[in-house]
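First comes the structure, then the notes that go with it.
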Amino acid sequence: MSNRRNFIKQMAAAGVASSLPSFLLAQQNSPQDKIWANLLHLSYNMWEDNVSLKYRDENYKCTTCQEAREWAHPYRSSLTFDDAVWDALLTEMAAVGMNMVIIDLGDAVKYESHPEIAVKNAWTTEKLRSELVKIRKLGLEPIPKLNFATTHDVWMGEYSRMVSTSKYYEVCRNLIGEVIELFDYPRFFHLGMDEETPDYQGRFDHVTVRQNDLWWGDLYFYLGEVEKKGVRSWIWSDYAWHHPERFFKKMPKSVLQSNWYYGASLEEEKTKSYVKLYNDLEAHGYDQVPTGSNHYNDENMEATVDYCRKVIDPSRLYGFMTAAWRPTMSPCLDRHKEAIAQIERAMKKF
């Protein structure tokens with residue numbers, strides 16, 4: 001890691017990081033080094049920008065996982081996170097042989113460039129660095145995620161209402177650069193970019209949706225900020241569900257793709273856009289990390305692995321991700337462990 005990091009930093013300082021050869025930006029992708037990843041939330045401020053009357057109490061004591069999810073889903077001014085659950089999940093992931101954790105950072109870090117974003121009890125940058133050391137010692141590769149989709153950017157505070165302005169670009173540039181430094185120039189940087197439609201913002205007070213060239217222009221801005229540091233961009237792929245022709249015309253092949261589908265049977269849905277996209281991404285030559293979940297059922301993760309290993313060439317199938325879509329809180333510990341158990345079963349069958 002240190003040799004790669006130092007080399008990329010030297011190239012970035014010389015202004016040539018964007019032209020680094022691909023083998024320096026990502027490890028070789030063989031069946032032996034497939035990604036087996038878990039998405040965990042440090043911040044859970046990724047959805048509504050308001051709080052319903054039922055859950056307005058910041059100190060509400062949640063007793064079930066469903067209750068914890070409903071309570072944490074709206075914007076919270078304090079960190080919704082349990083350190084003990086985090087530690088237990090990292091240990092469990094390492095024990096079953098998983099090798100990557102994608103960390104949804106959001107406003108859960110007191111960034112030096114923009115401390116005003118941080119919620120109460122957010123981690124200091126020193127705390128984050130120490131946790132990254134711990135993660136790597138467990139044999140897990142930490143990957144940062146900052147979701148810049150307008151449906152999921154409430155974590156940006158007042159800047160989420162300044163989208164596509166000069167101030168907004170300045171803040172995004174600062175955050176991306178700082179996070180890359182904090183993570184010691186990671187292999188990947190997940191930018192989110194999912195679900196940016198009005199339908200997903202029905203409960204928001206402030207609705208923002210970019211379309212057409214504005215969406216693409218902002219995406220290219222994020223990609224440029226990531227890739228000039230010698231790091232590979234990673235996004236959710238669901239834009240292609242709605243605009244496939246535009247997606248395949250304009251999406252760079254350098255961007256790692258994660259399509260997602262959480263139903264029980266992919267075979268039954270394979271003609272529909274959300275499952276068919278796995279095939280279409282392969283047909284157009286994109287690298288993929290398909291994403292499954294126990295969000296709705298106990299079968300999807302194994303079904304996702306079974307389906308995608310058949311339709312994606314091994315050289316472009318970088319691995320798989322699971323996402324429980326639950327806060328990292330004690331009432332949801334068992335739900336998170338179930339997600340890990342499901343991907344463990346899938347790994348053994350792979």
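Checking Tyr318 against Trp234 by side-chain atom types alone, no donor-acceptor pair falls below 3.5 Å. Counting only N and O atoms by type, the side chains of Asp153 and Asn147 include no donor and acceptor under 3.5 Å apart. When only modelled atom types and interatomic distance are considered, Ser164 and Asp218 share a side-chain donor-acceptor pair under 3.5 Å. In this structure, a donor-acceptor pair under 3.5 Å is present between the side chains of Ser315 and Asp313. For the 3.5 Å distance criterion, the side chains of Thr63 and Glu67 qualify, holding a donor opposite an acceptor. Side-chain atoms of Tyr307 and Asn279 form a donor-acceptor pair, as typed in the model, at a separation below 3.5 Å. For Trp86 and Glu131, the side-chain atoms include at least one donor-acceptor pair closer than 3.5 Å. A donor and an acceptor atom, one from each side chain of Glu338 and Gln342, are nowhere located under 3.5 Å apart. Glu196 and Thr151 form no side-chain donor-acceptor contact under 3.5 Å, judged by distance and modelled atom types alone.
Atom SG in Cys332 sits 13.5 Å away from atom NZ in Lys337 (nearest 0.5 Å). The CG atom of Leu281 lies 4.5 Å from the CD atom of Gln288; values are rounded to the nearest 0.5 Å. Atom CG of Asn294 sits about 9.0 Å away from atom NE2 of His336, to the nearest 0.5 Å. Here Phe183 contributes atom CZ and Lys229 contributes atom NZ; the two are 15.0 Å apart, rounded to the nearest 0.5 Å. Here the OG atom belonging to Ser233 is positioned 8.0 Å from the CG atom belonging to Leu219, to the nearest 0.5 angstrom. Considering CG of Leu105 and CD of Glu178, their distance stands at 10.5 Å, rounded to 0.5 Å.
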### Task
Report the C-alpha separation of Val275 and Glu268 in whole Å, then their side-chain angles, then the decisive distance to 0.1 Å, and conclude whether the side chain to side chain contact (heavy atoms under 4.5 Å, CB included) test is met.
CA-CA 9 Å; Val275 174; Glu268 292 179 3; over 6 Å; no

### Task
Apply the test salt bridge (Lys or Arg N to Asp or Glu O under 4.0 Å) to residues Lys348 and Glu344: give CA-CA distance (whole Å), side-chain angles for both, the deciding distance (0.1 Å), then the verdict.
CA-CA 6 Å; Lys348 289 179 177 178; Glu344 179 188 17; 3.5 Å; yes

### Query
Can you check side chain to side chain contact (heavy atoms under 4.5 Å, CB included) on Ser258 and Met321, steps first, answer last?
CA-CA 8 Å; Ser258 276; Met321 185 199 318; 3.9 Å; yes

### Query
Do Asp107 and Ser43 pass the side-chain hydrogen bond (donor to acceptor under 3.5 Å, both in side chains) test, and can you show the C-alpha distance, the side-chain angles, and the key distance before you say yes or no?
CA-CA 6 Å; Asp107 52 14; Ser43 167; 2.8 Å; yes

### Task
Go through Arg136 and Glu141 one step at a time and tell me if the salt bridge (Lys or Arg N to Asp or Glu O under 4.0 Å) criterion holds.
CA-CA 6 Å; Arg136 293 181 179 115; Glu141 181 179 5; over 6 Å; no

### Task
Would you please test Tyr222 and Phe148 for ring pair (Phe, Tyr, Trp, His ring centres under 6.0 Å) and show each step?
CA-CA 9 Å; Tyr222 309 132; Phe148 291 107; 4.7 Å; yes

### Query
Could you walk me through whether Val226 and His190 pass the side chain to side chain contact (heavy atoms under 4.5 Å, CB included) check?
CA-CA 10 Å; Val226 170; His190 203 306; over 6 Å; no

### Message
Would Arg173 and Glu170 count as a salt bridge (Lys or Arg N to Asp or Glu O under 4.0 Å) here? Give the steps.
### Response
CA-CA 5 Å; Arg173 179 182 295 110; Glu170 175 190 344; over 6 Å; no

### Task
Let me see the working for Asp287 and Arg232 under salt bridge (Lys or Arg N to Asp or Glu O under 4.0 Å), right down to the final yes or no.
CA-CA 11 Å; Asp287 298 331; Arg232 188 173 187 182; 2.7 Å; yes

### Worked verdict on Trp260 versus Tyr278 for side-chain hydrogen bond (donor to acceptor under 3.5 Å, both in side chains)
CA-CA 9 Å; Trp260 51 275; Tyr278 290 124; over 6 Å; no

### Task
Would you sort out whether Tyr168 and Met156 count as a side chain to side chain contact (heavy atoms under 4.5 Å, CB included), showing the intermediate values?
CA-CA 10 Å; Tyr168 174 83; Met156 294 187 72; 3.8 Å; yes

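A donor-acceptor pair under 3.5 Å is formed between the side chain of Thr91 and the backbone N or O of Asp87. Judged purely by atom type and a 3.5 angstrom limit, Lys34 uses its side chain to pair as donor or acceptor with the backbone of Pro314. Looking only at distances, no side-chain donor or acceptor of Asp194 sits under 3.5 Å from a matching main-chain atom of Ser237. Between the side chain of Gln201 and the backbone N or O of Thr208 there is at least one donor-acceptor pair closer than 3.5 Å. When atom types are taken as modelled, the side chain of Arg326 and the backbone of Leu333 share no donor-acceptor pair closer than 3.5 angstrom. Under a 3.5 Å cut-off, the side chain of Asn300 and the backbone N or O of Tyr261 do form a donor-acceptor pair. The closest donor-acceptor contact from the side chain of Gln257 to the backbone of Val255 lies under 3.5 Å. A donor-acceptor contact shorter than 3.5 Å is absent between the side chain of Asp49 and the backbone of Tyr75. Remark: the backbone N or O of Leu42 is not paired with any side-chain donor or acceptor of Asp104 at under 3.5 angstrom. Judged by distance alone, with hydrogens and angles left aside, the side-chain atoms of Asn212 form no donor-acceptor pair with the main-chain N or O of Leu214 at under 3.5 Å.
With Tyr286 as the aromatic partner, Lys253 meets the cation-pi criteria of under 6.0 angstrom to the ring centre and within 45 degrees of the ring axis. Cation-pi geometry between Arg76 and Trp71 is satisfied (NZ or CZ under 6.0 Å from the ring centre, within 45° of the ring normal).
Contact detail for Met46 and His152: the closest heavy-atom pair is O-ND1, 2.8 Å. Residue Ser254 comes nearest to Glu227 through the heavy atom pair OG-OE2, 3.6 Å, listed as atom of the first residue, atom of the second, then distance.
Between Tyr200 and Trp47, the ring centre distance reaches or exceeds 6.0 Å. In this structure, Trp216 has its ring center closer than 6.0 angstrom to the ring center of Tyr239. A centroid separation of less than 6.0 Å is found between the aromatic rings of Phe81 and Trp123.
Between Leu40 and Met93 there is a side-chain heavy-atom pair separated by less than 4.5 Å.
Open room surrounds CD on Glu245; 12 or fewer heavy atoms of other groups in view lie less than 6.0 Å from it. Crowding of Arg203 atom CZ: a count of heavy atoms from other residues, nucleotides or ligands under 6.0 Å not exceeding 12. Atom OH of Tyr296 is surrounded by 12 or fewer heavy atoms from other residues, nucleotides or ligands within 6.0 Å.
A side chain to side chain donor-acceptor pair (under 3.5 Å) with His114 holds for exactly one of Glu116, Glu112, Lys110; it is Glu116.
Taking the six-membered ring where the residue is Trp, Trp241 and Tyr274 present perpendicular rings, their angle passing 60° and hence far from 30°. Relative orientation of the Trp325 and His41 rings is tilted, given thresholds of 30° and 60° on the angle between their planes. In this pair, His295 and Tyr262 present their aromatic rings perpendicular. The plane angle is above 60°, beyond the 30 to 60° band.
Under 4.0 Å is where a charged nitrogen must lie from a carboxylate oxygen, and between Lys272 and Glu269 at least one such pair does.
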